[in-house]
Amino acid sequence: MAKNEDIFKKVIAHAKEYGFVFPSSEIYDGLSAVYDYGQCGVELKNNIKDYWWKAMVQAHENIVGVDTAIFMHPTIWKASGHVDAFSDPMIDNKDSKKRYRADVLVEDYMAKIEGKINKEVTKAAKRFGESFDEQQFITTNPRVVGYYEKIGEVKKRLYPAMDENDLAGIKKLIEDLEIACPVSGSRNWTDVRQFNLMFATQIGSLSEGANEIYLRPETAQGIFVNFLNVMKSGRMKVPFGIAQIGKAFRNEIVARQFIFRMREFEQMEMQFFVRPGEELKWFEYWKEERMKWHLSMGIPAEKYRFHDHDKLAHYANAATDIEFDFPIGFKELEGIHSRTDFDLNAHQEFSGKKLQYFDPELNENYVPYVVETSLGLDRTFLAVLSHAYTEEKLEDGSERVVMKLPPVLAPYKAAILPLVKKDGMPEKAREIMDSLKMDFMCRYDEKDAIGRRYRRQDAIGTPYCITVDHQTLEDNTVTIRERDSMKQDRISIEEIVRIIHDRLKA
Ligand code: GAP
């Protein structure tokens, strides 16, 4: 098993064992690509939301928030293009009856070749030792060169076929590569068809005449259709932004990779309305701002990269993704798109209502252009969680698993621990717990030896452990243990709140 795959499995197991993420409906064998957040997960998730909201809404005087409904008028999804074009190419295996995303089958085929390249490189590195030159090896070793050529040939057929919606071409590629169903092992495939990712449901009782509506596949449209309401009621002046955090639903065909690709997930989106012609300046501004936000969590810069889009969607004139180095490789975390006036224009056309802004400086009406920042909350959670997961060997030979979460995001900020369960220590610890719990999320724990209790807090990422010992009863001091360094300081009880506040801000 590849090292990263191994780490990914450990993160998933840890997330379940310590109450971060559970498979949904587990006692009924689960529901594919749907997950529940547990007692620690919900705290971490709320803290991420709060961290984003503060940076986007609280810190920007010209950005306000909304919380719009999941159900919306079905014509909205006609106007946005989702009814006609929000689909993935799918293919079924006739023997296993399993459904796959056709492009992902081909991508998996290429990933297998990449795996072979990695094996060759690892073998050669072992053989040549210090003198190994990886660049030279991959450009001259005939087997590796052959593998790269094969990948190149496949890409040359797959990407144009995807761009041109050439479904027969994608099927032919799957046949030519002799790709077999991972379950049945057969190559008995149906034709490739487009599969719309929106979930549909009925609104109203049948006797009233049921209407088909959709669960929203993105939160953005709730912002666009409220553009006028917010602009007028909030007396907003361009440039201004509207932010929203909320659920989105997509009937993903490839349902795996834990919370990376879910059927029900949350987005944190912001639409920034600007003067036409100024959108590329604001696109650059938001690109930089959003990267700064990610880095402010303390995760190293090399874990992030931009992926600028070469081929733009018909409504965009610039687009980039912020990618994160997940245990499954560099993948999209956030999209930043300059969406022109596409959405507001489309809603004007379909609703018949004017969606314009009167610019007092220019003395003219126009449909503003939009720069969007769209971040997946669950993917941010996964990025933070997988980066935090650390296995450590300690000086005394023991081992610990510690979640090195940014303290500001940690589910609990402090644990209050009486050293032993007697001599008045639990009572004193309870007093401290009561005095702290409205300031921070805290845990009280008196069960088991103190070392085991420290490990339990390490495993959920609690940055500070406050221990009440014999000395506490004499001079009102406690020890404060820092999670990552495990260093302990003695401080007075009155100082606990200030010290934790100061350290969380640092
Ligand atoms: N309004 C633009 C929009 O929705 P997107 O690239 O489709 O753009 C934005 O989605 C973000 O939402 C992605 O960068 C990703 O973080 C998150 N996301 C999309 N599909 C997801 C899924 N199935 N599961 C989890 N997160 C997802």
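Counting starts at 1 for both ligands and their atoms, in listed order.
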In ligand 1, the atoms that come under 4.0 Å of a heavy atom of Glu269 are 1 (N), 2 (C), 3 (C), 4 (O)
For ligand 1, find out whether one of its N or O atoms is nearer than 3.5 Å to an N or O atom of Glu332.
yes
Does the pair Lys16/Glu26 count as a salt bridge with the N-to-O cut at 4.0 Å?
yes
Atom 19 (C) of ligand 1 - nearest protein heavy atom and its distance:
Arg250 NH1, 3.5 Å
Under 4.0 Å between heavy atoms, the region of Ser374 that gets near ligand 1 turns out to be both
For ligand 1 and Asp378, I'd like to know whether there is a polar contact (N/O to N/O, distance under 3.5 Å).
no
Between Glu334 and Ser374, a side-chain donor and acceptor under 3.5 Å
no
heavy-atom search around atom 12 (O) of ligand 1 in the protein gives Gln267 NE2, 3.3 Å
Do any nitrogen or oxygen atoms of Ala220 come within less than 3.5 Å of a nitrogen or oxygen of ligand 1?
no
May I ask you to check whether Ile259 has an N/O atom sitting below 3.5 Å from an N/O atom of ligand 1?
no
Counting both backbone and side chain atoms, is some N or O of Leu333 under 3.5 Å from an N or O of ligand 1?
yes
Over 60° means perpendicular and under 30° means parallel, so classify the ring planes of Phe273 and Phe227, tilted if in between.
tilted
